[in-house]
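Lettering follows sequence order; numbering is per chain, from 1.
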Protein chains: 2
Amino acid sequence: MRKMGHESGNINQRRHQQIPLAVIKRLPIYHRYLSDLHQKEVARISSSELAAKIGITASQLRQDLSWFGSFGQQGYGYRVDELLQEVSRILGLNQNIGMVLIGAGRLGRAIIHYANFKRRGFHTKAIFDNNPDIVGEIIDEIPVYNISELENYLKSHAIQIGVITTPASAAQEVADRLVRCGIKGIWNFAPVSLKVPDDVIVEHVHIGESLMVLSMKLQQRKEQASDD
Amino acid sequence: MRKMGHESGNINQRRHQQIPLAVIKRLPIYHRYLSDLHQKEVARISSSELAAKIGITASQLRQDLSWFGSFGQQGYGYRVDELLQEVSRILGLNQNIGMVLIGAGRLGRAIIHYANFKRRGFHTKAIFDNNPDIVGEIIDEIPVYNISELENYLKSHAIQIGVITTPASAAQEVADRLVRCGIKGIWNFAPVSLKVPDDVIVEHVHIGESLMVLSMKLQQRKEQASDD
DNA sequence: CTAACATTGTTAAACTTTTAACAAAAAGGC
DNA sequence: GCCTTTTTGTTAAAAGTTTAACAATGTTAG
Ligand SMILES: NC(=O)c1ccc[n+]([C@@H]2O[C@H](COP(=O)([O-])OP(=O)(O)OC[C@H]3O[C@@H](n4cnc5c(N)ncnc54)[C@H](O)[C@@H]3O)[C@@H](O)[C@H]2O)c1
Ligand SMILES: NC(=O)c1ccc[n+]([C@@H]2O[C@H](COP(=O)([O-])OP(=O)(O)OC[C@H]3O[C@@H](n4cnc5c(N)ncnc54)[C@H](O)[C@@H]3O)[C@@H](O)[C@H]2O)c1
């Protein structure tokens, strides 16, 4: 039937050119929709169909993918399994990533429990807290250690990402300690802007900020409704 | 000493022009830094000082504020309390906003507990769940009702925002029910893109997506390091 | 095997956002 | 009170992002 010429994943990357942040932020969305399609056993999809589902233009989708290579075929579209695989690779979801979490409070426990991460190669290996009542607990099969053991633990385990779910007041100190131990990626939920060296990457999750954005948009709607 | 002419908050808004989303998203950040300064009893700040703290350009800060009015004074800067007040007003943080939360699981409980929201005028009035073991509980002084009572409750209470922390599989159905009851704002934590009418605003919190972005950035760094 | 069709990857134009520059105006020192 | 300094709000230029257009190329049906 169809045989597909398939030079596959051209090393067509515009190397040495920085991939725009706007593009990077859309990749997880593509990943999610492709996972859905894959699960529904859809074998192929065109840029226009996928873009319509996501709510963007086909142009943007193709432009975004072209930063990384050529994964589709003219007249046919993309194979879902193949494209999902490529996007996963680009996102770094194929390697196992070791994480530690600091601050076993409500939010910390929710995140540890969130199984989706594990499926995608993110493994929380240890939890740290400074509350003696919590230290020693096992949460979702992961032990909670005293925060004083952080440095020791990191010396002897391969950990790529530190997750901070302590109160805001402790977050900078925790970040400093992680950085001193050589951690290069921090996933921060405390509402403070962490100061870290340039070679450390911080992703800040702005839970509270998005509620304010919602509140503001609601208000704008109300104003518009009343004054025109 | 200084007396300040003070025509204050000019109704200078470029009305009928849509405020860029990029601007809206920065306002909560300004709010946070201004709150900090206010707490530290700093009385005045210039655009360049504040921008430096935040990590943006002074130009951008002034440009952003100019969408809403003129709040500063040449040769002096901004009064922290005044600007904080203005930003809060713009964000709609001065009115009381009633919320209901659906899905009293781990994440839901963390969010209910998160006191910062209450301080900013967001009040969770009721919780709904479909698990009979949870219905009847009181979480942080807020009662958990059976999900079947949702419509009844919303008929008789003034609620502006619905928070969805159910599993992804239930999220669309919950959203539909909220919309049918006239809710215009949805704060969604489930990893699905909710379909709602145009007059309903959904803010989607992408917790998982930001971890993927972190993972990708880490990988990019690694690649860069190895190939040049 | 051929021709009509579908759909990509890419180039170029349009649009949006950010940064720079500066005149206008108030502050603060002398 | 006058002069120098500071700093705003705004206008203009630069940079970045999105959308449109289309040639190239593989697909599919006859
Ligand atoms: N809960 C939410 O929905 C939510 C939303 C947005 C942001 N946040 C932020 O996430 C963080 C955690 O929130 P939470 O609701 O889970 O709070 P929490 O109080 O339930 O948990 C904090 C945990 O950190 C531990 N801790 C405190 N200081 C520590 C230290 N120096 N070292 C190690 N552990 C320490 C505490 O013992 C506790 O277990 C806070 O910064 C909060 O502002 C939470
Ligand atoms: N936990 C996290 O860190 C995290 C991170 C990102 C996204 N999320 C998303 O947030 C949501 C909640 O996650 P969680 O970890 O709290 O899960 P959870 O299983 O702990 O909680 C879900 C709650 O929803 C209730 N529920 C289920 N179906 C319902 C229905 N039809 N009506 C009303 N209530 C219903 C359940 O009884 C349960 O109490 C999920 O969609 C998850 O994907 C969670």
Checklist outcome for this item: 5'-most contact on DNA chain D (nearest-nucleotide basis), B/Gly75 vs A/Arg26, goes to B/Gly75
What is the distance from [atom1] of [X] to [atom2] of [N], rounded to the nearest Å?
| X | N | atom1 | atom2 | result |
| --- | --- | --- | --- | --- |
| B/Gln63 | D/dA15 | CD | P | 17 Å |
| A/Gln60 | C/dA14 | CD | P | 19 Å |
| B/Leu21 | C/dT18 | CG | C1' | 15 Å |
| A/Leu83 | C/dG9 | CG | C1' | 14 Å |
| B/Glu49 | D/dT6 | CD | P | 12 Å |
| B/Phe68 | D/dT8 | CZ | P | 18 Å |
| A/Leu61 | D/dT18 | CG | P | 12 Å |
| A/Asp64 | C/dT10 | CG | P | 13 Å |

Quick one: is [X] getting a side-chain N or O under 4.0 Å of the [N] phosphate, OP1 or OP2?
| X | N | result |
| --- | --- | --- |
| A/Gln73 | C/dT7 | no |
| B/Thr57 | C/dT18 | no |
| A/Arg62 | C/dT8 | yes |
| B/Tyr78 | D/dG9 | yes |
| A/Gln74 | D/dA24 | no |
| B/Arg79 | D/dT7 | no |
| A/Arg44 | C/dT7 | yes |
| A/Tyr76 | C/dG9 | no |

Checklist entry - Where does the angle between the aromatic ring planes of B/His204 and B/His206 fall among parallel (under 30°), tilted (30 to 60°) and perpendicular (over 60°)? => result tilted
Next on the checklist: With a 6.0 Å cut-off on the ring centroids, do A/Trp187 and A/Phe122 count as close?
Outcome noted: no
Checklist entry - How sharply is the helix from C/dC1-D/dG30 to C/dC30-D/dG1 bent, taking the axes over five pairs at either end and rounding to 10 degrees? => result 30°
Checklist entry - Does A/His157 reach the side chain of A/Lys125, with side-chain heavy atoms less than 4.5 Å apart? => result no
Next on the checklist: Side chains of B/Gln95 and A/Lys222: any donor to acceptor distance under 3.5 Å?
Outcome noted: yes
Item to check | Pair A/Thr57-A/Ser59, side-chain donor/acceptor within less than 3.5 Å | outcome: no
Checklist entry - Is it true that a side-chain atom of A/Gln73 and a backbone atom of A/Tyr78 form a donor plus acceptor pair closer than 3.5 Å? => result no
Next on the checklist: Side chain of A/Ala22 only, heavy atoms from C-beta on: which candidate in D/dT17, C/dT10, C/dT8 is closest?
Outcome noted: D/dT17
Checklist entry - With a non-hydrogen cut-off below 4.0 angstrom, is B/Ser47 in contact with a base, only sugar-phosphate, or nothing? => result sugar-phosphate
Next on the checklist: Using a 4.0 Å heavy-atom cut-off, does B/Ser59 contact any base of the nucleic acid, only the sugar-phosphate backbone, or nothing at all?
Outcome noted: base
Item to check | A/Glu49 bridged to A/Lys53 by N-O distance under 4.0 Å | outcome: no
Item to check | Cationic N near anionic O, under 4.0 Å, B/Glu209 to A/Lys25 | outcome: no
